[in-house]
Novice: 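Next up is a structure, given as structure tokens.
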Amino acid sequence: MKPPPFDYFAPQTLEEVLQLLEQYGDDAKVLAGGQSLIPTMNFRLAQPAVLIDLNGIRELADIQESDEEITVGAMTRQRMLEKSVIIREKTPLIFETIPHIAHVQIRNRGTVGGNLAHADPASELPAVMVTLNATFKLQSLKSERWVSASDFFQGMYMTALQPEEILTEVRIPVQAVTGLYGFEEVARRHGDYALAGVSVLVHLDENQNCEDVRITYFSVGEAPVPAHNAVQFLTGQPLEDEIISEAAELAANNDIDPHDDIHASAKYRRHLAKILTIRALQKAKNRNKPN
Amino acid sequence: MAISISVTVNGKTYNHEVEPRMLLVHYLRDVLRLTGTHVGCDTSGCGACTVVVNGRAVKSCTMLAAQADGAEITTIEGLASNGDLHPLQEGFREEHGLQCGFCTPGMIMTAWQILQDNPNPSEEEIRHGLEGNLCRCTGYQNIVKAIQYAAKKIG
Ligand SMILES: Cc1cc2nc3c(=O)[nH]c(=O)nc-3n(C[C@H](O)[C@H](O)[C@H](O)COP(=O)(O)OP(=O)(O)OC[C@H]3O[C@@H](n4cnc5c(N)ncnc54)[C@H](O)[C@@H]3O)c2cc1C
Ligand code: FES
Ligand code: FES
């Protein structure tokens, strides 16, 4: 047997899940797609005494749209997101991101909520959610609260989740899905975690100047990293080649603080961040069809 | 703690009591003795353990046997019918899609999914579809050809 022994519960309602979490707290872990949790248990790096399986909670596995927002349940498989017409049409930034997350077998099991709750700094979706200004619903037996994506991610594998809470739902505001967008990453093999990557979303004003810009990096810090300096610089400026290059330079030098690790040096990551920012902003620019 | 499960594998239903920590791949190999499904990495990385669960290719090393309760599973042993090889199996033989054979069951079950989603995949789509499966021998070229062979034969 690979993982250490644990007790296993497969509740059928959210209420039961929250009750079990209240009861077991820190001793328990919830099991979503298992694509990050089971490997760590197989290595015995994680040894939860109790596993609470979320796979029976059907209500957490759907995608809906309204006039104001798109709602994605935490147990929505990454593959469902990839195949969803709502996602393709309404949040093309997410649609473009999904194929970069691992590979098909993993996306068949891996969930949106599991990916976000796992909070791997090299993971694509957390950065994209920050870019989209998404909010997350965190529920426990006793409370329910909404946290913005940028407040949710607190560090390497660290989130705002308390031991008795789970993430149940992600909301993406509709105004965030109408902008010009770009997504770029470099990974050693397609589907691997990225060495560095960026997602951008730009709204232009009537004079074709940037008015609302969001740029978020992944795999260059402990959590998704927003490009404050570059965004400030771009605001009010047209999306032109020289300005894009200058913004990318600024972001790579001043907004991120990458580390050396076995996959890449900090210097190389800075270089990647710059080039990827240029490419992503160019993509956004090329999507602009002024009338 | 023991969990009762009822699982249909290759058309046959089995009832067993399993420990929660038993991985699906170990259930298939050690309990059902279906040793065609291999274990390479135990971490969802290599694809050797790929099986089809309720119509989707998944890695059986990162699913618990307990989670397969009520599921329909197809393994490599379930592809041939009445002694005739499945076109994918035939393709791997005809196109030399294997050398040591360790990755082959996982490759074939993944290829099954590729053709299920898209009966006429391009070479690029086949290669992308195989991203989750590692082969240390063939260099992939003949695996791609084997899948093209099967696509043609089925198509
Ligand atoms: C070979 C390989 C390559 C990969 N490549 C990438 C990649 O390129 N990019 C990428 O982003 N990811 C990648 N992944 C990770 C993959 O996307 C995982 O599916 C994901 O990180 C975890 O999702 P899951 O549903 O499998 O969660 P699980 O593994 O089940 O859970 C992960 C963690 O989150 C907790 N959790 C799960 N759901 C909730 C919830 N609703 N509320 C609170 N806590 C919860 C669990 O308790 C656990 O601690 C890769 C994984 C593998 C094995
Ligand atoms: S053994 Fe399951 S993916 Fe390698
Ligand atoms: S044939 Fe040997 S690993 Fe693929």
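Just so it is clear: chains get the letters A, B, ... in the order the sequence lines come, proteins before strands, and each one is counted from 1.
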Novice: Is it the case that atom NZ in Lys2(A) sees more than 12 heavy atoms from other parts of the structure closer than 6.0 Å?
Specialist: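 Atom NZ in Lys2(A) is not packed in, count stays at 12 or less.
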Novice: Which bit of Asp30(B) comes within less than 4.5 Å of chain A, counting heavy atoms only: side chain, backbone, both or neither?
Specialist: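 Neither; nothing under 4.5 Å.
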Novice: Taking the six-membered ring for Trp, are Tyr149(B) and Phe92(B) closer than 6.0 Å centroid to centroid?
Specialist: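 That pair fails the under 6.0 Å test.
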Novice: Taking only Lys NZ, Arg NE, NH1 and NH2, and the carboxylate oxygens of Asp or Glu, determine whether Arg88(A) and Glu65(A) approach each other closer than 4.0 Å.
Specialist: no
Novice: Which bit of Arg107(A) is near chain B, if near means a heavy-atom gap under 4.5 Å: side chain, backbone, both or neither?
Specialist: neither
Novice: If you count heavy-atom pairs under 4.5 Å between each of Val53(B), Val58(B), Asp42(B) and chain A, which one has the most?
Specialist: Asp42(B)
Novice: Does any N or O in the side chain of Asp53(A) come within less than 3.5 Å of the main-chain N or O of Asn55(A), such that one atom is a donor and the other an acceptor?
Specialist: yes
Novice: Any chance the rings of Phe218(A) and Tyr193(A) have centres within less than 6.0 Å?
Specialist: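 No - the distance between ring centres of Phe218(A) and Tyr193(A) does not fall below the 6.0 Å cut-off.
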Novice: Return the option, out of Thr62(B), Leu130(B), Ile3(B), with the maximum number of heavy-atom pairs under 4.5 Å with chain A.
Specialist: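 It is Thr62(B).
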Novice: Between Val7(B) and Asp69(B), is there a side-chain heavy-atom distance shorter than 4.5 Å?
Specialist: no
Novice: Start with the C-alpha gap between Lys283(A) and Glu96(A), add the side-chain angles, then the distance that decides, and say whether salt bridge (charged side-chain N to carboxylate O under 4.0 Å, His left out) holds.
Specialist: CA-CA 12 Å; Lys283(A) 266 204 182 153; Glu96(A) 200 163 297; 3.7 Å; yes
Novice: Against chain B, work out which of Leu37(A), Asn42(A), Thr40(A) has the most heavy-atom pairs shorter than 4.5 Å and name it.
Specialist: Asn42(A)
Novice: Taking Asp192(A) for the side chain and Arg188(A) for the main chain, is one N or O donor matched with an acceptor at less than 3.5 Å?
Specialist: no
Novice: By a 4.5 Å heavy-atom criterion (distance strictly below it), what part of Asp7(A) contacts chain B: side chain, backbone, both, or neither?
Specialist: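 The answer is both parts of Asp7(A).
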Novice: Is chain A contacted by the side chain of Glu19(B), its backbone, both, or neither, given a heavy-atom distance below 4.5 Å?
Specialist: side chain
Novice: With only heavy atoms counted, which part of Leu64(B) is less than 4.5 Å from chain A, the side chain, the backbone, both or neither?
Specialist: side chain
Novice: Select, from Cys41(B), Ala57(B), Gly45(B), the one with the greatest count of heavy-atom pairs under 4.5 Å involving chain A.
Specialist: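 The candidate making the most pairs under 4.5 Å is Ala57(B).
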Novice: Considering only heavy atoms, which portion of Thr50(B) lies under 4.5 Å from any heavy atom of chain A: side chain, backbone, both, or neither?
Specialist: side chain
Novice: Return the option, out of Val104(A), Leu51(A), Asn108(A), Ile106(A), with the maximum number of heavy-atom pairs under 4.5 Å with chain B.
Specialist: Asn108(A)
Novice: Considering only heavy atoms, which portion of Gln113(B) lies under 4.5 Å from any heavy atom of chain A: side chain, backbone, both, or neither?
Specialist: side chain
Novice: Leu31(A) versus chain B, heavy atoms under 4.5 Å apart: side chain, backbone, both or neither?
Specialist: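 Only the side chain of Leu31(A) comes within 4.5 Å of chain B.
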Novice: Would Glu124(B) and Arg127(B) pass as an ion pair if we require N to O under 4.0 Å?
Specialist: no
